[in-house]
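Working notes, beginning with the structure itself.
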There are 4 protein chains.
Amino acid sequence: MTRTILRGYASDNTAGATAEVLAAMSEASAGLAAPYGTDDLSRSVVAQFEDVFERPVDVFPVGSGSAANGIALAALTPPWGAILAHPSSHITVDEAGAPEFFTAGAKFVHVDGTDSTIDADALAAAVTRRRGDVHSVQPSVVSITQATETGSVYSLDHLRTLADIAHDAGLRVHMDGARFANALVTLGVSPAEMTWRLGVDILSFGATKNGTMTADAIVSFDPSLATELSYRHKRGGQLTAKMRFQTAQLGAYLRDDLWLATARQANAMAQRLRAGLAEAPGVDVLGDPGANILFCRFPDGLIRTLQDQGYTFYSDRWEPGVVRLVTSFAHRTEDIDDLLDAVRAFTGTH
Amino acid sequence: MTRTILRGYASDNTAGATAEVLAAMSEASAGLAAPYGTDDLSRSVVAQFEDVFERPVDVFPVGSGSAANGIALAALTPPWGAILAHPSSHITVDEAGAPEFFTAGAKFVHVDGTDSTIDADALAAAVTRRRGDVHSVQPSVVSITQATETGSVYSLDHLRTLADIAHDAGLRVHMDGARFANALVTLGVSPAEMTWRLGVDILSFGATKNGTMTADAIVSFDPSLATELSYRHKRGGQLTAKMRFQTAQLGAYLRDDLWLATARQANAMAQRLRAGLAEAPGVDVLGDPGANILFCRFPDGLIRTLQDQGYTFYSDRWEPGVVRLVTSFAHRTEDIDDLLDAVRAFTGTH
Amino acid sequence: MTRTILRGYASDNTAGATAEVLAAMSEASAGLAAPYGTDDLSRSVVAQFEDVFERPVDVFPVGSGSAANGIALAALTPPWGAILAHPSSHITVDEAGAPEFFTAGAKFVHVDGTDSTIDADALAAAVTRRRGDVHSVQPSVVSITQATETGSVYSLDHLRTLADIAHDAGLRVHMDGARFANALVTLGVSPAEMTWRLGVDILSFGATKNGTMTADAIVSFDPSLATELSYRHKRGGQLTAKMRFQTAQLGAYLRDDLWLATARQANAMAQRLRAGLAEAPGVDVLGDPGANILFCRFPDGLIRTLQDQGYTFYSDRWEPGVVRLVTSFAHRTEDIDDLLDAVRAFTGTH
Amino acid sequence: MTRTILRGYASDNTAGATAEVLAAMSEASAGLAAPYGTDDLSRSVVAQFEDVFERPVDVFPVGSGSAANGIALAALTPPWGAILAHPSSHITVDEAGAPEFFTAGAKFVHVDGTDSTIDADALAAAVTRRRGDVHSVQPSVVSITQATETGSVYSLDHLRTLADIAHDAGLRVHMDGARFANALVTLGVSPAEMTWRLGVDILSFGATKNGTMTADAIVSFDPSLATELSYRHKRGGQLTAKMRFQTAQLGAYLRDDLWLATARQANAMAQRLRAGLAEAPGVDVLGDPGANILFCRFPDGLIRTLQDQGYTFYSDRWEPGVVRLVTSFAHRTEDIDDLLDAVRAFTGTH
């Protein structure tokens with residue numbers, strides 16, 4: 001069968017699921033199984049997570065990153081708390097107030113920094129601002145997106161510095177890992193090193209963008225939060241009856257390092273794209289894609305020409321001419337080369 | 001391949017998914033697709049729902065019945081409202097306060113009645129209780145479970161009476177349809193007849209128990225609620241990125257009346273069980289299973305004997321000796337007969 | 001000046017304020033003072049509370065009992081908690097869901113008992129119901145109204161038994177003391193004996209009904225709750241700028257045992273009423289007024305006759321003919337005798 | 001009796017109450033009165049408000065500006081709404097998240113502008129930002145503080161422009177009138193002109209800073225919001241039993257234009273202060289006090305010298321040397337002159 005060339009670069013959430021995840025769903029469907037995550041498969045997936053993170057963890061499968069973030073944050077801040085986050089972070093600009101909903105009204109306080117990352121000095125100033133002043137919301141949790149919404153990747157040192165600042169001031173640390181695997185393979189470190197070993201309290205473990213269908217997970221490294229998380233998870237409508245269909249996805253995702261392989265594929269395709277576009281006359285590659293997101297400035301006419309040929313990507317959100325190209329595990333070399341050919345065809349004749 | 005006999009009767013949520021649903025997931029996984037329900041497949045599934053309900057509807061896929069109920073109720077009651085519901089209804093006893101969470105603190109006011117159904121006279125008294133009294137929560141929505149938590153099925157007349165009482169008093173009507181299909185085939189009526197034609201404003205359309213994996217849906221018959229529902233759905237963490245994996249399930253579920261076939265199978269198996277058990281000496285069948293839930297009183301020793309053989313079912317929640325047996329679409333004649341054989345073996349020797 | 005006879009028995013909240021409270025307001029108004037309770041007067045009132053309760057306490061003045069109850073309960077239950085309370089308690093029937101609002105959606109679970117008091121056995125069953133079951137709200141706090149909404153007064157033994165049951169099961173204990181002083185003088189015990197010594201964690205200290213104008217208070221006996229209470233108090237709109245005008249009321253209320261004197265007066269007037277009505281032909285006195293609330297059954301025509309003469313009281317909420325008469329510190333002997341004369345005039349001629 | 005010179009300029013909330021307000025409290029205390037604002041006095045105060053605003057209004061007395069703002073905003077935005085407000089506005093920086101609490105999690109979106117006022121162009125851009133995008137909170141209400149937190153006063157034209165922008169885009173308009181009277185007398189316009197005639201939907205009518213003790217009010221100009229406001233008011237713990245003690249304050253405050261007189265006095269004292277300080281060598285007066293708040297830069301040593309003499313004011317929140325001086329109705333000519341003498345004594349010798 002001929003494989004259709006993929007021409008979509010709008011987001012990694014447009015990809016399907018891996019074959020392994022699909023197969024696991026079929027397997028999970030056979031016979032009967034206990035509901036609400038009390039089945040054997042679901043239990044075994046927790047063990048897989050513990051293996052991956054090299055320690056006991058509490059795992060709560062969810063259907064979306066918004067739910068993961070909302071429930072995690074609710075366990076890390078009181079309603080009168082401030083959530084310190086980058087002004088461009090997904091939780092504050094793209095979730096229609098889901099964190100405010102789950103936390104019963106906590107407030108975002110933005111902490112800026114370059115490349116969508118939180119600046120350490122700015123954080124140091126923010127964590128103690130109006131502490132103990134009953135007229136002000138209280139800094140309670142720092143939320144760090146790794147990789148960030150624009151594809152940059154925090155170094156371990158950067159993360160550790162932020163986590164230390166937070167913990168020294170009595171705050172908790174949340175990591176929004178919608179593209180956790182992409183960051184992990186970029187840094188070439190272990191899941192433990194990028195999370196609890198440097199101070200992350202709860203991780204929103206993103207899997208959907210990287211190969212599952214309807215399953216992400218909250219991974220908590222603080223056992224004292226487990227009970228609260230379990231009730232917030234249930235109450236938030238995330239404790240599904242046929243939980244095994246979500247844990248099956250997560251199990252397949254983690255098995256044999258599939259998740260790292262898919263993330264490497266996505267990142268490699270971004271690098272291939274970058275290398276090709278860097279040589280195209282008139283195209284400016286804007287920085288290096290830390291993970292699987294590439295920003296470029298396209299010459300006049302190229303955006304429209306590509307869109308007319310069926311390529312999709314975002315181009316209207318930043319400066320004129322600037323486009324964002326997101327690759328996923330589903331993209332292969334031939335897809336990337338197809339796009340590069342189209343760019344070359346345009347630039348060669350203009 | 002030899003099919004393994006199913007011995008689980010604890011709940012219909014222990015069943016897997018239908019083959020058609022699994023196949024649809026695989027198909028949906030091919031290629032790329034727009035996220036958040038803006039893809040073609042998701043749009044076409046809305047059309048399927050409109051076909052099924054014979055009118056325009058707003059459809060919001062969700063990952064659990066708790067989410068469906070919580071979001072639906074939040075759109076139907078202000079925070080100072082009272083949700084009128086049967087004291088045994090799932091929303092008030094088995095969701096850890098999810099409706100209170102989604103509604104920002106509405107309050108349940110219980111309206112009793114036989115067979116887990118709301119009594120019309122009791123409802124008539126409740127809908128006007130302390131209306132306009134600022135010191136009291138205000139009756140705002142009636143929530144009706146069809147089929148009920150104990151498997152009974154409201155007649156159309158009963159439903160219409162309740163809906164009329166509610167609407168006449170200015171209240172809204174919610175239907176918790178966790179076992180909607182089972183009730184539908186019991187009554188032999190159309191989806192339209194059992195919902196909007198008699199006054200249901202929003203339906204929690206249960207599909208998981210009857211053949212899908214991770215997909216139920218909110219179906220709204222009031223277009224004026226669509227905007228509010230869409231924000232509550234997003235904010236509640238239910239607007240998933242790869243929504244097509246949920247709509248694919250719902251599409252397969254509805255296609256060619258699969259959902260009615262699976263519901264008929266579940267109900268038929270309950271009837272077969274009932275007929276068999278009615279003839280077993282010492283077994284008291286308690287009422288007729290309206291849908292796919294059967295209550296019986298077992299003689300001393302039978303519960304333990306069956307459990308020792310691997311049969312599972314609830315027996316500790318009602319009177320001593322009373323068991324609940326729930327069948328699903330996954331059960332087949334041979335499963336039922338296997339259980340009946342085991343019962344006969346016991347009763348024949350005692 | 002001729003004093004006008006008071007003919008209102010609808011509620012003790014219809015009374016004005018004591019002369020001492022009014023004088024304290026005038027005094028507090030002189031000069032400037034630091035806002036938000038940081039002024040000297042406000043600090044001294046905390047010391048008065050500590051004197052009264054014979055231990056360090058945290059005091060948060062509020063403008064209403066609903067606010068006191070809502071904020072106190074929010075500090076004593078998580079949103080997924082159950083508030084165990086008598087089905088007739090004010091917090092569940094007369095606050096339009098204020099506790100649900102302040103707690104972000106906790107749920108009332110009613111525990112019945114005679115004379116508006118919680119039955120110990122019923123409570124013992126309720127505190128462990130579905131503990132640890134993630135599908136159910138979790139018993140978290142018992143709320144006890146002392147004196148109750150119908151004027152009955154818990155004995156110290158009864159209170160201690162309930163508090164022990166709660167604490168043994170890990171629950172917290174809240175006391176709604178809207179008529180705290182009335183109960184205190186009925187029992188003839190100390191504030192310490194009726195609260196923290198037997199296990200009350202937070203008291204809603206009612207003062208308005210017994211002599212203040214716009215001031216009640218949350219009194220917390222658990223220092224670990226102080227920070228949370230201070231933010232909930234602020235966030236709930238109860239940290240007023242000119243707090244000294246509320247603390248001035250509370251200070252005058254507590255000074256020289258004024259509050260006990262006013263409560264004794266209210267209770268004595270209820271007893272005088274009871275004694276007089278007990279002798280009136282055709283009038284049935286229903287029980288002894290534990291505090292300052294008396295229930296009677298009036299003969300045909302008496303209710304209407306009294307109302308026509310300007311007497312006010314509730315008569316339509318219980319059985320036909322049953323009336324509730326509430327006395328306050330503002331009632332004097334001549335008021336009571338005036339009512340008794342009117343009753344005698346009626347019964348003498350019928 | 002010698003009047004003590006007032007040396008406090010920290011805030012107008014340090015003043016006491018007017019004699020008229022105190023007298024009204026005493027009067028209100030006589031006899032019995034119906035509770036919860038159903039008494040004659042409370043009804044008559046609504047009529048006073050209607051007289052002042054020259055139209056029917058709904059009035060909800062509250063105990064604090066935070067409560068007024070929280071309840072008003074909750075009626076003007078859904079939980080998924082954005083509240084557009086100046087980044088320095090009290091509601092977003094000084095209420096510990098009270099608006100987020102009352103609105104069940106709405107989000108502030110800051111709209112900047114000079115002198116603590118919202119810039120019209122910035123507002124025009126903000127009102128349509130991401131309208132209809134389900135991933136974003138939705139612009140729902142603009143909150144304008146008049147006078148602002150730094151004492152500046154919006155012109156009627158400025159207010160009208162903002163209100164028009166808001167209404168044209170389908171948003172509601174809230175006015176935080178903590179210093180409403182001060183702004184009114186500065187502009188020399190009528191209450192109607194500064195509110196509903198130019199588009200204000202709900203006004204937080206501040207009275208405490210300008211002469212009452214424990215009473216502010218929500219004044220709603222949109223009858224369709226009355227029912228919702230009444231339940232939010234009750235549920236928020238603001239429907240007090242002895243409401244007449246709050247309405248008595250408001251009645252006295254409005255009677256015979258007392259409130260305008262007190263505001264004029266406060267403003268005049270700020271002007272006198274300004275005139276005197278403008279002539280003091282080394283003192284820089286920073287702008288004109290629109291209402292009753294004056295900012296100055298003091299020469300080295302003056303701040304400390306004044307504080308040592310018992311003067312109080314804020315000096316640590318802006319640039320070094322910059323102080324804020326707030327006058328109130330309680331300040332008189334001799335108070336101001338006393339401060340000016342102290343400044344002159346310092347500057348004359350340095």
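In this text the structure is predicted, and so the values were computed from the model without any measurement. Letters go in sequence order (proteins before strands), and every chain restarts at 1.
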Find the N and O donor-acceptor pairs between chain A and chain D that sit under 3.5 Å apart.
residue	atom	partner	partner atom	Å
T92(A)	O	K107(D)	NZ	3.2
T92(A)	OG1	K107(D)	NZ	2.9
V93(A)	O	R130(D)	NH1	2.7
D94(A)	OD1	R130(D)	NH1	3.2
D94(A)	OD1	R130(D)	NH2	2.7
E95(A)	N	H135(D)	O	3.2
A96(A)	N	H135(D)	O	2.9
E100(A)	OE2	K107(D)	NZ	2.7
K107(A)	NZ	T92(D)	O	3.2
K107(A)	NZ	T92(D)	OG1	3.0
K107(A)	NZ	E100(D)	OE2	2.6
R130(A)	NH1	V93(D)	O	2.7
R130(A)	NH1	D94(D)	OD1	3.2
R130(A)	NH2	D94(D)	OD1	2.6
H135(A)	O	E95(D)	N	3.2
H135(A)	O	A96(D)	N	2.9

Ranking A106(D), G105(D), G81(D) by heavy-atom pairs under 4.5 Å to chain A gives rank one to G105(D)

Turns out that what part of F102(D) lies under 4.5 Å from chain A's heavy atoms comes down to neither

When the 4.5 angstrom heavy-atom criterion is applied to V109(A) and chain D, the contacting part is neither

Heavy-atom nearest pair, A96(A) first then V134(D), reads CB-O, 3.3 Å

